[in-house]
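In what follows, a single structure is set out as structure tokens and then discussed.
Excluded from the calculations below are hydrogen atoms, water molecules and symmetry mates; all remaining heavy atoms, backbone and side chain alike, are included. Letters go in sequence order (proteins before strands), and every chain restarts at 1.
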Amino acid sequence: MPELPEVETICFQLNRVLRGLKITGVVVLSPKSFVGEIREIREIRGKRVIGVERRGKMIIIELEGGVCLTIHLKLTGQLIFREKGKLSNKYTRVIVSFDNGGKLYFNDLRKFGWIKIVRDLREMREMGEMGVEPFDKEFTVEYLQKIFSRTSRPVKIVLMDQEKIAGIGNIYANEALWEAGISPAKPAKRLGYNEITILREAILRVLRQGIKYGGASAADEAYVKPNGSPGEYQEHFLVYQREGQPCLRCKTLIKRVNLGGRGTFYCEKCQN
DNA sequence: AATCGTTCCTGATAGC
DNA sequence: TGCTATCAGGAACGAT
């Protein structure tokens, strides 16, 4: 499941291969995966790519004239770029062609992801409701204190709330809470200043690790980089998908519970 | 305003 | 060529 580090990796690679290329066409194989009218495609045909950016878990391909191609990969989306040769498979939903013969394949097994043409990013609702970026200077202990103090929801749920913090999903929420020694189920308002300080640092540390290793291509998850190769962060998981294995700190066996409908991994001895 | 349950979709897996 | 039920999950949406 692509989260901040995976999307950051995708944007970094796409930026290198797409910048300066001109879009020659878009083929929509699955209408559900393309939000909006097919005729909007003419607004981007012939436009050059200025750059590729990330906001939360969203990918923004900025084109000449301020028009953007925005993409959310949700659970199983992939973006794969090939300079030549066909690469479509049964999960290919949209194909964007470029003037160098290259093609960008949007594959998505479960069809939860989408691709959308946006004339002005400011008009995009999903953007306006997006929370603070973990690597921005507003992501302070005081900010976390503010959002935590208002709710007794489990802290893990709050970390994954995109309207509060942008980009953290299930993998990195689990990882950060283990790193910080805080129980995922702990009501957010019951975290003290020191705990919040430690948690903030843990979040930044695991996200940086995720980026450093090119994201996590975990078992039965679809994420790969745009060149088709997997990330390596799964080889460094601290707690995620380690159910039944010994805690890396205290050897207690890692537990798995369901929290807010999501698989939650933790050490009941180290995380309180 | 905050929060909860439901829904979208497909493939893997378990149980019979 | 087995069929069916269950599960996984980001986030929009409707209901409370």
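Side-chain N/O atoms of A:Y91 include one lying less than 4.0 angstrom from OP1 or OP2 on B:dG11. Considering only side-chain N and O atoms, A:K90 lies nowhere under 4.0 angstrom from the phosphate OP1 or OP2 of B:dT10.
Protein atom CZ of A:R153 is 8 Å distant from nucleotide atom C1' of B:dA2, rounded to whole Å. In this structure, the CZ atom of A:F34 is 20 Å from the C1' atom of B:dC8, given to the nearest Å. In this entry the distance linking CZ of A:F106 with P of B:dC9 reads 14 Å, nearest Å. Atom C1' of nucleotide B:dC9 and atom NZ of A:K111 are separated by 8 Å, given to the nearest angstrom. Taking atom NZ of residue A:K74 and atom C1' of nucleotide B:dT10, one finds them 15 Å apart after rounding to whole Å. Atom CZ of A:R150 is separated from atom P of B:dA1 by 12 Å (rounded to the nearest Å). Straight-line distance from the CZ atom of A:F148 to the P atom of B:dT3: 13 Å, rounded to whole Å. Regarding A:I157, its CD1 atom lies at a distance of 11 Å from the C1' atom of B:dC4, rounded to whole Å.
Nearest-nucleotide assignment on DNA chain C puts the 5′-proximal partner with A:T76, out of A:T76 and A:E129.
Residues A:Y172 and A:E179 have side chains that never bring a donor and an acceptor to within less than 3.5 angstrom of each other. If you check the side chains of A:S183 and A:N272, you find no donor sitting under 3.5 Å from an acceptor. Counting only N and O atoms by type, the side chains of A:D108 and A:T76 include a donor and acceptor under 3.5 Å apart.
Between A:Y233 and A:Y213, the angle of the ring planes lies from 30° to 60°, which puts this pair in the tilted group.
For A:R93 and A:W114, the positive end is not near the middle of the six-membered ring at less than 6.0 Å and at most 45° from its axis.
A:E133 and A:R54 are joined by a salt bridge, as a carboxylate oxygen and a charged side-chain nitrogen come within less than 4.0 angstrom of each other.
Along DNA chain C, the stretch of nucleotides lying under 4.0 Å from any heavy atom of chain A spans, 5' to 3', C:dA8 to C:dC13.
Residue A:N170 forms a side-chain hydrogen bond (donor to acceptor under 3.5 Å, both in side chains) with just one option from A:K156, A:E3, A:E175, and that option is A:K156.
At the heavy-atom level, A:G263 lies under 4.0 Å from the strands shown only through sugar-phosphate atoms. Residue-level contact check: A:T151 touches the backbone only, with heavy atoms under 4.0 Å from sugar-phosphate atoms and none from bases. Residue contacts shown for A:N170 are limited to sugar-phosphate atoms, with no base heavy atom under 4.0 Å away.
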